[in-house]
Amino acid sequence: MNKELAILQLADYKEYFEQGRSSCYLIINNKLEEYPCMFGFAEFSDDLEEVKELFRKVEARARELGQKHLIGPVNYTTWMSYRWAISQYDQKYYPDCENPPYYVDFIRQLGYRELYTYRSAHINTNNVLFESGEEIFRKKQKEGFDFKLYRGEESYQIVKDIFDVSIDAFQGSLLYSEIPFEVFQEIYLEWTKKIPEIHVFAAFKDGRAAGYVMSYANPYDPAQYISKTVGVRKEFQKQKLYVALLYFGTKFVRELGYDQTVYHFQCEQRSTFKRYDSTVEDQEKRYAVFVKELTE
């Protein structure tokens, strides 16, 4: 059984649908003001007509419930795996969206369009942020920030700090919804057990966690190093703490012998998102969450 299904205990409404060899859940999360109705945990056969019939039933039920849009794949919240890959299907990160290309072809033929898009890309460690980062890093130290590296099992010592920073940092982000700490521990952290050694680069101010970067070598390809999650408390955002953390982490990554870092699952709709030119980044893989207006 997919352990992630336990996240549905938090849903305001959930219903399972299947048609032949295809299936998905209809999920409602009323904490999401704009797009509370979603499909998740979807599995498609290679029969388009079967998938059409599945979604005919799902969409009809969503309309009965008074919903105006259906988005997906979202498994209740962005804490869990969601979205589908829409390019570079053979490139395998961890964790990743490993849907076959025809999932995307089918959902588009059913009238769905891209709502939010994401990307992963290989970024040279010698980039403009790193070049300017040391001065900012030293400045933040003088301002009273303490930077610490946690490796492997010791990373789990600050799980609550990571959770608290994440709740503060991501509140209001696209499709984000807060979950209880116990659910975070029992479900969300499950995927980290396959990682040989997690690295957490954390910043503290007056003994309280202010921000972090979580990264690790790709279990599928140890020659690749992945930067998975970055969070900075709102009170410290737009103060270049993010740049100081990246410098602190990138310096360590370079000492490990990596000249690139995979920036994983960046949302292209975030105001802070940027692309570098081809001298700095390459091997972009893209993902999407889709939406359909539920007209009669």
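A salt bridge between R21 and D46 is present, with a side-chain N of the basic residue lying under 4.0 Å from a carboxylate O of the acidic one. A salt bridge links R275 and E284; the closest N-O separation between the charged side-chain nitrogens and carboxylate oxygens is under 4.0 Å.
Q9 contributes a side-chain N or O that, together with a main-chain N or O of A6, makes up a donor-acceptor pair within less than 3.5 Å. Judged purely by atom type and a 3.5 angstrom limit, E281 has no side-chain atom pairing as donor or acceptor with the backbone of S278.
The environment of NZ in K205 is crowded: more than 12 heavy-atom neighbours from other residues, nucleotides or ligands sit within 6.0 Å. Other residues, nucleotides and ligands place no more than 12 heavy atoms under 6.0 Å from the NZ atom of K68. Under a cut-off of 6.0 angstrom, the local environment of CG in D277 is crowded, with over 12 non-hydrogen atoms contributed by other residues, nucleotides or ligands. By the 6.0 Å contact criterion, CZ on R270 is open, its count of non-hydrogen atoms from other residues, nucleotides or ligands being 12 or less. Within 6.0 Å of atom CD in E135, 12 or fewer heavy atoms from other residues, nucleotides or ligands are found, so the atom counts as exposed in its surroundings.
Side-chain contact of E43 with S22: a donor-acceptor pair under 3.5 Å is absent, judged by distance alone.
Partner of V232 under the side-chain contact (heavy atoms from CB on, under 4.5 Å) criterion, chosen from V213, V165, D168, L245: L245. Each of F204, F137, F201 was evaluated against F147; a single residue qualifies, F137, per the ring-ring contact (aromatic ring centres under 6.0 Å, His included) test.
Aromatic pair Y216/H199: ring centres not closer than 6.0 Å.
Counting only residues at least two apart or in different chains, side chain to side chain donor-acceptor pair (under 3.5 Å) contacts with residues 229-243 comprise R208-E235.
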